[in-house]
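The structure appears below as C-alpha cells.
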Amino acid sequence: MPTPKIEYGILAPVLVVLAAAVLAVLVEAFVSRRYRYVVQTTLSFAAIALGLFTVILNKDVSGRFAEGSVAVDGVTIVLQGTILIFALLGLLLIAERGFQSFTAQASTLPGSADEQRALASGLQQTEVFPLTLFAVGGALLFPAANDLITLFVALEVLSLPLYLMAGLSQRRRLLSQEAGLKYFLLGAFSSAFFLFGSAFLYGYAGTTTFDGIKLQITTSPGNDLFLLVGLAMLTVGLLFKVSAAPFHSWTPDVYQGAPTPITAFMAAVTKVAAFGAFLRIFYTTIGGMVWTWRPIIIAISILTMAIGTIIAIAQKDVKRVLAYSAIAHSGFLLTGIVAFNKSGVGATLLYLLTYGFTTLGTFAIVTLVRDAGGEVTDLNRWSGLGKRSPLIAGIFTLFLLALAGIPLTSGFVGKFAIFSAAYESGNISVVIAGVLASAVAAFFYIRIVVLMYFNDPQEDGTSVVIPSPVTAITIGVCAVATLVLGVFPQPVINAVNSLAMFVAG
Amino acid sequence: MNGTSQMLVYLIAIPLFSATVLLLGSRALDKVGHIIGTLASTAAFVVGLLEFFAMLGRAPENRAVTQPLFTWIEVGNFNVGATLLLDQLSICFVLLITGVGTLIHIYSIAYMSHDKDRRRFFAFLNLFIAAMLLLVLGDSYLSLYVGWEGVGLASYLLIGFWNQKPAYATAAKKAFVANRVGDVGLSLAVMIAFVQFGSVSFSGVAEGVEAGKASSLALNCLGAALLLAAVGKSAQFPLQAWLGDAMAGPTPVSALIHAATMVTAGVYLISRSHFVFDVASVAQLLVVIVGAITLLFGAIIGMAKDDIKKALAASTMSQIGYMILATGLGPVGYAFAMMHLLTHGFFKAGMFLGAGSVMHGMNDEVDMRKYGALRKYMPVTFITFGLGYLAIIGVPPFAGFYSKDKIIEIALDAGGAKGIILGSITLLGAAITAFYMSRVMLMTFFGSKRWEADAHPHESPALMTIPMVILAIGSISAGFIFNLGDRFINFLNPVFHSDHSGHGEKEHLLPPIVVSALALTAVAIGVSIAIAKYGRGKSIPAVAPADVSVWTKVARRDLLQDDLNEALFMRPGQELTKALAIVDEKVIDGAVRGVGSLTLDVASGVRRTQTGFVRSYALWVIVGAVGILATIAVMSL
C-alpha cells in the first residue's frame with residue numbers, strides 16, 4: 001500500500017489546533033502550576049491565531065485532500081474562519097480570571113472536604129484549555145469532512161471534550177456534573193444512531209466517501225432500503241447535534257448546567273460546525289434525495305421553531321431562555337437547509353456568523369451579573385438592571401433585539417437572508433412558520449428588556465461586576481459586530497456569497 | 001453628471017469625527033473642546049472653498065461632481081448607493097453652512113465661555129454641521145432624509161441644551177413634534193418616488209418625471225408631500241408655531257440653525273425638487289399660498305413681540321415665507337429664492353449674534369422693554385445690527401434690497417389677479433417688516449434707558465464682535481455682488497434650467513424701476529410709523545400695556561396658532577388617546593392576555609416533557625427517529 005498523500009499546508013488549520021492541544025496536555029503535565037495559566041492561554045491564543053492565518057492563506061483553495069477524505073472549498077473556508085473567530089472570543093471568556101466560573105478541582109466530590117480545601121487554596125486548574133483546543137480541532141474538521149469515517153472522528157473529537165467541559169462549573173456543581181453526564185449519555189446514544197446510519201450507507205454504496213455515495217445515488221434508483229434507513233439514522237445524529245426538536249431535550253439542561261463561558265463557546269462553535277456538516281451532506285452528498293428529505297426537514301424545522309419559542313416563554317432562568325432561543329434558532333437555520341438553492345448556502349453561512357456573535361455576547365453578559373455566590377441567572381433578580389448598570393443592560397438589549405431579528409441589527413439581516421432563500425425555493429410553509437415564530441419569540445426577548453428597564457431593582461445583592469479586559473473585549477467585539485452587520489451588512493454579504501461554493505462534484 | 005471629487009466626504013467626515021471625539025472624550029477635552037470644534041468647522045469651510053474654486057475652474061455645464069461612497073442598500077432591483085453630489089445649488093449651501101457656521105463657532109467660544117458644558121455644546125454644533133452638509137450633499141431623497149433627521153436631532157439637542165429648565169425642554173419637544181409631522185411628508189415623498197419611478201435619487205426621479213412615468217395626480221401628491229416636509233422644517237404655516245419657542249436654545253444656535261441654515265432646508269428641498277414642482281401645478285400653487293400666508297403671518301407676529309429673539313424668529317418665518325413664495329413661482333423663482341436665502345443667512349445670522357451680544361451685556365435679558373439707549377454702550381453691536389437692519393428692510397444698496405426686490409418683481413409678474421394679489425402681499429409684507437424691525441432697533445438702541453437696576457451694559461469681547469463685523473460686511477455687499485451682471489442667476493442656471501435671458505424681455509406688469517419705487521415707499525411708510533410710535537420722546541412702558549385692541553392680543557399670542565393646535569389636534573388627540581386606551585385595555589389587552597395565557601398554558605404543558613430524566617429524553621430521540629423513518633417509509637411507497 002502506497003503512503004497516503006497528505007496536503008499539510010491545506011489541512012494546517014486543523015493540524016495546528018490539534019497539535020497545540022497535544023502540546024497543551026504536555027504543558028498541563030510538565031509546567032509548574034504558577035506559570036501554567038500564562039503558558040496555556042498564550043499557547044491557545046497563538047494556535048487559534050495561527051489557525052486563522054492559515055485559513056486566510058487557503059482562501060482560494062477548492063478541492064479534496066488527504067486521499068479525498070477532506071474537502072476544502074469556499075464553504076469550508078468561511079466555516080473554519082467563523083469557528084476560529086468564535087473560538088477566540090470563547091477562549092477570551094474562558095480565560096477570565098477576574099471571577100471564577102470553573103470549579104477549583106474537578107476531581108473532588110461536590111460538598112466534600114477536599115472541595116473546600118481546593119476552594120480555600122484558590123486553586124484554578126487549567127485543563128479546560130487543552131479540552132477547548134481539542135473541541136475546536138474537531139469543530140474545524142467536522143464541516144470539512146468528506147467521508148463518513150472522518151466525519152465521525154471529527155464529531156467525537158468535538159463532542160468528548162464538551163461532555164467534560166460541561167461538568168466543570170464552579171457554582172451548583174451537582175447540576176453541572178449532571179448536565180455533563182446527561183450530555184454524554186445522550187450524545188453517545190445519538191452517536192450510535194449516527195454510526196448505525198453510516199453502516200447502512202456503506203452497505204448501500206460500498207464506500208464511505210461522500211463522493212461515492214453521491215455517485216451511487218445519482219446512478220441508481222433512490223428507493224433502496226439501506227439508503228433510506230441510513231439517511232434517516234444519519235439525519236437523527238446530526239439533528240441531535242444542532243438541537244433540533246425532538247432531539248433537543250439535552251440542550252436546556254446542558255446550557256444551564258455548564259459553566260457559562262462553556263455555554264457561550266458551545267452555543268456558537270458547535271452550532272457552526274454542526275450546521276456546516278449539515279450543509280455539506282444535504283447539499284452535496286444526498287442532494288439527489290432532496291424530494292425525500294425536504295419534507296422531513298420542513299417538519300423538523302417548524303417543530304423546532306415552535307417548541308423553542310413556546311417553551312421559552314415559560315422559562316424563569318435566563319440561561320434556559322437562551323437555550324430555548326438557541327433551539328428556535330436551529331429551527332430558523334434549518335430553513336436554510338430546506339431552501340436547497342444557491343442563496344441558501346450563503347444565507348446559512350451568514351446566519352451562523354451573525355448568530356454566533358450575538359449569542360457569544362449574550363452569554364458573556366450573563367457571566368457578569370453576579371452576587372456573592374456567583375452568577376445570578378434567575379430572571380426575577382435581573383429586574384431593574386437597566387437602572388443599575390445602563391451600559392451593560394443597553395448592550396444586552398442590543399443582543400436581545402438582534403436575537404429577535406429587529407431591523408438594524410445583524411439578526412434581521414440573517415433572518416431576512418435565510419427566509420428569502422427559503423421563499424425563493426418555493427417552500428412558503430417554513431417561511432410563514434418562521435415569521436410567526438419570530439413574532440412570538442420577540443415577546444420573551446422584549447419581556448427581558450422590559451424587566452431590566454421598567455422594574456425597580458431589588459436589593460438582594462445582585463450586581464454587575466466590572467469585567468476584566470478579556471470579557472470586555474468579547475462583549476465589545478460582539479456588540480460592534482451585531483451593529484455593523486445590521487447597518488452595513490453588504491460587504492460581508494458579498495464576501496460570504498462570493499465564497500459560498502462547494503467544490504465541484 | 002460628470003466628474004468626481006474625492007474630497008466631498010471630508011466635508012461631512014471632519015465635523016462628524018470631531019463631534020464624536022468631543023462627545024465620547026472625557027472631561028480632559030473640556031479645555032480644548034471648543035478649539036477642536038471650531039477647527040473642524042473651519043477645516044470643512046476650507047474644503048468647501050477649495051471645491052468652490054475647483055468648480056469655478058470648470059465649464060458651467062460640467063460643474064457638478066459626485067463621489068460614490070458605498071452601496072448602502074441592495075435588495076433585488078432596489079439599489080441605493082450612498083453618493084455625494086456637489087453642484088451649484090449645494091455649493092451655495094455648503095459655503096453658507098460652513099462659513100456662517102465657522103463664524104458662529106468662533107462667536108460661541110466667548111458666548112458659552114461660562115457654561116460648564118461648553119464641550120458638549122460644540123459637539124452638538126459639529127454634529128449639526130455634519131448632518132446639514134449631508135442633507136445638502138446627498139444625491140438621493142434617502143440620503144437627504146438621513147441628513148434631515150440628523151439636523152432635526154441636532155436642533156432638538158441644542159434647543160434643549162439648557163434642559164434643566166422645564167420650559168426649555170418643552171420647547172425642544174414641541175419643535176421635535178412639529179418636525180415629525182413634516183417628516184411624515186418626507187417619508188411619504190420617498191415612498192411615492194420609489195413606487196412611481198423605482199428610484200429615490202434626484203437624477204432618477206427627474207428622469208422619471210421627464211419620461212412621463214407618473215400621472216399628474218401622483219406628481220401632485222409627491223409635491224404636496226415634499227411641501228409638507230418643507231413646511232415642518234422651515235416653520236411655515238400651519239406648522240410654524242415651534243420656531244418661536246425654539247429660541248430657548250443658546251443664541252448662537254438660533255443664529256445658525258433657526259435663522260441661517262436648518263430652517264431654510266425646506267427651501268432647499270423644494271428647489272432641489274424643481275423638476276417635480278415644474279409639472280405639478282396644484283402642488284406649486286400650494287407652495288405659493290403657504291409662502292404668502294406665512295410671510296404675512298410672521299410679519300404680523302413680529303409686530304407684537306417684546307422678546308428680541310422672538311421678534312427676530314417671527315421675522316425669520318416671514319422671510320422664509322418670501323423664499324417659499326419665490327420657489328412656487330416657477331423656474332425663475334428658484335434662483336431668487338436662493339439669493340434671498342443667502343443674503344438672509346448673512347443679515348439674520350448677524351442680527352441674532354447682535355441680539356446675543358446685547359443679551360450678553362444685559363444679564364441675559366431678552367425683553368426689549370428693558371433695553372433702550374444701548375447704542376452708546378455697545379457701538380460695534382449697534383453698527384453691525386444696524387447694517388443687518390438696513391439689509392432686511394431692503395434699503396439699497398444693502399443685500400436685502402436686491403434679493404427681496406426681485407421676489408416682489410416676479411410675484412407681480414405671476415400674471416393676472418394672482419400677480420396683483422401676490423405683489424400686494426409681498427409689498428405689504430415689506431412695509432410691515434420695515435415697521436417691526438424699526439421697532440426692534442428703536443426699542444433696543446435708541447430712546448431712554450429702561451434697564452433693570454443691576455444691568456451694566458458693555459461691549460462684547462472681540463471673539464464675539466469679529467464674526468458680527470464679518471457678517472455685517474456680507475449684509476452690505478452680498479446682494480450687490482450677487483446681482484452684478486446676473487452672475488448668481490447664471491451660476492445656478494445649469495441646475496434649474498431657468499431661462500433667465502427671457503426673463504428680462506418678458507412682459508412686466510410694472511417696470512422694474514416702478515417696483516423698486518413701490519417697495520421703497522412701502523418701507524418708508526413702515527419706518528415712519530415705527531418712528532412715530534417708538535421714536536424720540538415716546539415713552540415705552542416697562543410692562544406691555546394690557547388695554548390693547550383684540551388684534552394686538554391675538555398677535556401677541558402668535559395669532560392663536562398654539563390655541564388652534566391645541567383645540568384642533570392636541571385635545572382631540574388626547575380624547576382619542578383616552579378612548580384608544582380604553583379600547584386597548586378592554587378589547588386588545590383582553591385578547592392579548594387571552595392569547596398570552598393560552599400560550600403560557602401550552603408552554604407549561606409542553607414544558608412537562610422536560611422532565612430532567614435522561615431516559616425520557618432518550619425516549620424522545622427514539623420517537624423522533626421512528627417518526628423520521630415512518631415519514632421516509634410513507635414517502636417512498
Side-chain angles (χ1 to χ4, degrees), chain A residues 178 181-186 189-190 193 196-197 222-225 227-229 231-233 235-237 239-240 244-253 289 291-293 295-297 299-300 303 306-307 309-315 320 324 416 420 440 443-444 487-491 493-494, chain B residues 20 24 68-83 142-143 146 149 589 591-637:
Chain A
E178 183 189 321
L181 187 65
K182 264 184 198 165
Y183 194 17
F184 170 65
L185 286 173
L186 291 168
F189 192 50
S190 83
F193 274 95
F196 196 44
N223 270 358
D224 193 283
L225 182 67
L227 170 64
L228 294 177
V229 174
L231 193 134
M233 296 292 132
T235 308
V236 170
L239 285 173
F240 174 86
F247 314 103
H248 66 283
S249 30
W250 59 274
T251 314
D253 293 4
M289 300 286 290
W291 303 113
T292 309
W293 60 251
I296 298 170
I297 302 296
I300 298 274
L303 184 68
I307 292 213
T309 46
I310 292 176
I311 306 193
I313 294 174
Q315 298 306 316
R320 284 186 87 85
Y324 280 103
F416 186 80
S420 6
V440 176
F443 171 72
F444 61 79
V487 182
F488 296 112
Q490 207 60 46
I493 293 178
N494 291 345
Chain B
T20 317
L24 298 181
L69 295 181
F70 52 87
T71 305
W72 190 13
I73 301 169
E74 193 182 348
V75 181
N77 296 326
F78 184 59
N79 189 335
V80 181
T83 301
L142 211 54
S143 323
V146 177
E149 294 297 322
D589 275 12
V592 169
R593 274 195 213 110
V595 174
S597 57
L598 184 72
T599 317
L600 264 177
D601 289 346
V602 172
S604 29
V606 183
R607 196 161 65 121
R608 285 198 201 102
T609 61
Q610 194 72 20
T611 52
F613 291 118
V614 175
R615 56 173 186 266
S616 67
Y617 293 178
L619 185 66
W620 281 113
V621 175
I622 301 263
V623 168
V626 170
I628 289 181
L629 272 173
T631 318
I632 288 190
V634 168
M635 299 217 322
S636 317
L637 283 179

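Counting heavy atoms from C-beta on, the side chains of A:Phe189 and A:Phe240 never come closer than 4.5 Å.
Annotation: maximal heavy-atom pairing with chain B below 4.5 Å, among A:Ile313, A:Thr235, A:Asp253, occurs at A:Asp253.
Contacts of A:Trp293 with chain B are absent, with no heavy-atom separation under 4.5 Å from either backbone or side chain. Contact of B:Val614 with chain A is made through backbone and side chain together, with heavy-atom distances under 4.5 Å. Looking at A:Leu239, the atoms closer than 4.5 Å to chain B (heavy atoms on both sides) all sit in the side chain, from C-beta outward. Only the side chain of A:Phe193 comes within less than 4.5 Å of a heavy atom of chain B; its backbone N, CA, C and O stay farther away. Of the atoms belonging to A:Leu181, not a single heavy atom falls under 4.5 Å from chain B. In this structure, the portion of A:Pro295 lying under 4.5 Å from any heavy atom of chain B is its side chain and not its backbone.
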Please determine whether side-chain contact (heavy atoms from CB on, under 4.5 Å) holds for the pair A:Leu185 and B:Tyr617, giving the CA-CA distance in whole Å, both sets of side-chain angles, and the decisive distance to 0.1 Å. CA-CA 10 Å; A:Leu185 286 173; B:Tyr617 293 178; over 6 Å; no
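Atom-to-atom distance recorded for A:Tyr183:OH and A:Ser190:OG is 8.5 Å, nearest 0.5 angstrom. The CE atom of A:Met289 sits 4.0 Å away from the CG atom of A:Leu227 when rounded to the nearest 0.5 Å.
Taking A:Ala232 as the reference, B:Ile628, B:Leu629, B:Ile632 meet the side-chain contact (heavy atoms from CB on, under 4.5 Å) condition, with sequence neighbours excluded.
Other residues, nucleotides and ligands contribute at most 12 non-hydrogen atoms within 6.0 Å of the CZ atom of A:Phe184.
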